[in-house]
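Okay, so here's the structure we're looking at.
Below, chains carry the letters A, B, ... as their sequence lines are ordered, and counting in each starts from 1.
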Amino acid sequence: MGICKELPMPIFSDQEYAEEIRLKYRFLDLRRKKIHENIILRSKVISYIRNEMTKLGFLEFQTPILTSSSPEGARDFLVPSRLNPGKFYALPQAPQQFKQLIMVSGFDRYFQIAPCFRDEDARADRSPGEFYQLDLEMSFVEQEDVFNVVEKLMVNTFKSFSNKKLMFDKFPKISYKEAMLKYGTDKPDLRNPLIVNDITEIFTREDVSFEIFKKLVKSGSKVRCIVTKNTKDKPRSFFDNIDKWAKGEGASGLAYFTFENDKDISAKGPIGKFFSKEALLEIMKKTNCEIGDSIFMACGTKDELEKITSLARDKIARDLDLIDENIFAFCWIVDYPMFEKNELTNKIEFSHNPFSMPQGNLSEKDLKNPLEILAYQYDIVCNGIELSSGAIRNHKPELMYKLFSIAGYDKNQIDEKFSGMINALSYGAPPHGGIAPGIDRIVMLLANEKNIREVTMFPMNQNAQDLMMNAPSEVNPDQLKELNLSLKTKK
RNA sequence: GGGGGUGUAGCUCAGUUGGUUAGAGCGAUCGCCUGUCACGCGAUAGGUCGAGGGUUCGAGUCCCUUCACUCCCGCCA
């Protein structure tokens, strides 16, 4: 053993430490029991997945790390080319185009534990810069075939590496539209029993006199609500805290009352008096709730409601301790819309992957209502965390031109930006599709961690800096000169 | 780009309405004890209270600015 200086942090301890110290001395941090075991788990999970994929007949291939910049999606990391002055490589955001080209090449089942690079801001479950996906693609398949492979893989992996129970062995499929209504998000935590309902109609009734909501509804706003079971005995502070919390989240608040039956059905709470008995019965019918339950209501635009109901579902469930931490609840989110309208520019844009196959046989009429077109695009979600998204790809160049034209790209632009892809698809491409589950997030769930850095050996901090290696760093002028680069000094 | 939280010894933290010399536990160093294993006992060292400015007779504490880390929004097809 080498000699040892005084340690900047204790190693034999479960104590939490500032991330800054942990990341700077990651080699010491990694000696600590919990994270050491997490990293070993990660290694084992990856080996297991490799083995399972190989058994299923998938071949593992590497794809280029230095590739070309793509116009859609996240910001690219750029790498200047010495031999081609003024030109740049980009690090792949995912091996998306390559894996489709692999299908065209006649390798029908591909996978890779693929590094992906995106220059976007970090979150607790999102590393800045780089992360790993189990990237896979299959030829001559439909959506169900991909589901079968991935579902089996997930079930086996999670059963092998965790004692937690799976809520569903057969993952439920929820349409994007339904998810946005019932959960306010396309990554719902199904351990949470709370459901969102739309009760806009109630506020068009004569016998409801809650004028603030009625006025807003008249001008196009919607009302959505969350019902909590048997909360009649909760103190006033419980309700007020949630209302206050909602205001802190930027919403106008959450109106609430509790259903009571004291001689007759009534609503208890600050706004209860605005609802007639008949209106209350109608709400109870619509939201499937009973005497003793409470209701929280928000009014606003669709976007505003989705945001606040999603957060409120989580907040209320935590306050009421409704989430069983010993369960994994998987689901598929399906039927994503092909396009969406950008509210700022009013332009039609691809809502997810522009290379996805639209559903059905598109007539000219369908193309005139692009927002109605659904795609064979899907996500897999576990406990409210998006594990991956995938799609059946569009392997028909003519159809692709049509779809891109809706999003405002002409043929020349597509030929230029996606030349390799379009060219390949015009030589007899097989129908194909795939998906790419996030390895880091899978291990994070299995390790029961809330932060992705706890399952990453040498992570960067939130500002995309490696505090141990001092990356990114300045380079010497000779290097820049060789690359034909000069720097504008900031400020 | 925006909002919240945190920042006091190597580490984790306490520090009252602004008041004299800023403390504790762990760790470190030295010594003693010891079939020890999160040993025990004693002593010692260790502080720009994140940084800068302001208010005040007096600032760890109040005000302003700024930096770092972190969580969230935007962003991540």
Side-chain angles (χ1 to χ4, degrees), chain A residues 3-25 28-29 32-33 69-77 91-94 96-97 116-131 133 176 185-187 244-245 247-251 303-304 306-308 310-311 314-315 336-344 347-356 375 377-379 385-391 393-394 400 403-404 406-409 417-418 421 436 438 440-441 450-454 459-467 491:
Chain A
I3 58 165
C4 178
K5 298 198 285 186
E6 179 175 357
L7 296 170
M9 55 187 283
I11 288 165
F12 295 104
S13 163
D14 295 328
Q15 184 85 53
E16 305 262 4
Y17 304 94
E19 292 259 7
E20 199 175 351
I21 297 159
R22 295 186 56 195
L23 294 182
K24 185 169 176 191
Y25 298 94
L28 296 179
D29 191 37
R32 296 168 64 217
K33 191 159 186 277
S69 180
S70 59
E72 297 269 332
R75 293 184 188 90
D76 285 318
F77 282 100
L91 306 183
Q93 294 179 22
Q96 182 61 39
Q97 294 194 50
C116 302
F117 305 91
R118 294 177 193 176
D119 188 5
E120 295 294 346
D121 289 359
R123 287 287 183 278
D125 65 350
R126 204 165 82 200
S127 299
E130 56 189 73
F131 60 98
Q133 289 183 338
Y176 173 82
T185 173
D186 63 348
K187 38 182 186 178
K244 202 173 134 197
W245 162 86
K247 286 182 173 120
E249 291 293 326
D303 282 1
E304 287 167 349
E306 283 166 356
K307 190 183 160 200
I308 193 61
S310 165
L311 292 169
D314 195 56
K315 160 77 178 164
Y336 277 81
M338 191 84 212
F339 300 100
E340 65 191 2
K341 192 184 261 179
N342 183 321
E343 294 295 335
L344 291 176
K347 279 185 180 162
I348 304 275
E349 297 177 347
F350 286 107
S351 64
H352 287 80
N353 185 335
F355 303 113
S356 299
Q377 162 94 39
Y378 36 83
D379 276 14
I385 289 176
E386 182 192 314
L387 280 187
S388 61
S389 52
R393 320 297 175 186
N394 185 344
M400 204 176 284
L403 295 169
F404 267 92
I406 291 171
Y409 296 84
K417 288 290 183 192
F418 308 107
M421 185 76 142
D440 315 79
R441 287 183 181 172
K450 295 239 178 319
N451 194 299
I452 206 144
R453 290 186 295 274
E454 300 301 325
M460 294 199 281
N461 70 8
Q462 191 171 44
N463 298 318
Q465 300 159 337
D466 181 335
L467 298 177
K491 285 170 192 172

(request) Could you pull out the closest heavy-atom pair between A/Asp379 and A/Gly390, with the gap in Å? (result) OD1-N, 4.5 Å
(message) Judged by each residue's nearest nucleotide on RNA chain B, which is more toward the 5′ side, A/Pro8 or A/Arg118?
(response) A/Pro8
(message) Test your reading of the model: is there a side-chain donor-acceptor pair from A/Ser351 to the backbone of A/Pro337, 3.5 Å cut-off?
(response) yes
(request) Using Watson-Crick or G-U wobble geometry with both distances below 3.5 Å, tell me the partner of B/C33, or none. (result) none
(request) Measure the acute angle between the ring planes of A/Tyr176 and A/His352, then classify it against the limits of 30° and 60° as parallel, tilted or perpendicular. (result) perpendicular
(request) Assign each of A/Met9 and A/Ser351 to its nearest nucleotide of RNA chain B by heavy atoms, then name whichever residue's nucleotide is nearer the 5' end. (result) A/Met9
(request) Determine, for nucleotides 67-73 of chain B in 5'-to-3' order, which nucleotides have protein heavy atoms under 4.0 Å from the base (write B), from only the sugar-phosphate (write S), or from neither (write -). (result) -SSBBSB
(message) Partner lookup for B/G1, please. Criteria are Watson-Crick or G-U wobble with both distances under 3.5 angstrom; report none if nothing qualifies.
(response) B/C73
(message) Under a 3.5 Å cut-off for both contacts, is B/G60 paired Watson-Crick or G-U wobble with anything, and if yes, with which nucleotide?
(response) none
(message) Looking only at the side chains, is there a donor atom on one of A/Tyr336 and A/Asn353 sitting less than 3.5 Å from an acceptor on the other?
(response) no
(message) Does the structure show a Watson-Crick or G-U wobble partner for B/C49, both distances under 3.5 Å? Name it, or say none.
(response) none
(request) Could you check which nucleotide pairs with B/A68 in any of the strands shown, counting Watson-Crick or G-U wobble with both distances under 3.5 Å? (result) B/U6
(message) Nearest whole Å is fine: how far is B/C76 P from A/Asp119 CG?
(response) 12 Å
(request) Before giving the answer on side-chain hydrogen bond (donor to acceptor under 3.5 Å, both in side chains), spell out for A/Glu20 and A/Asn461 the whole-Å C-alpha distance, their side-chain angles and the decisive distance to 0.1 Å. (result) CA-CA 8 Å; A/Glu20 199 175 351; A/Asn461 70 8; over 6 Å; no
(request) Please determine if A/Arg22 and A/Asp29 form a salt bridge, counting it only when a charged side-chain N lies under 4.0 Å from a carboxylate O. (result) yes
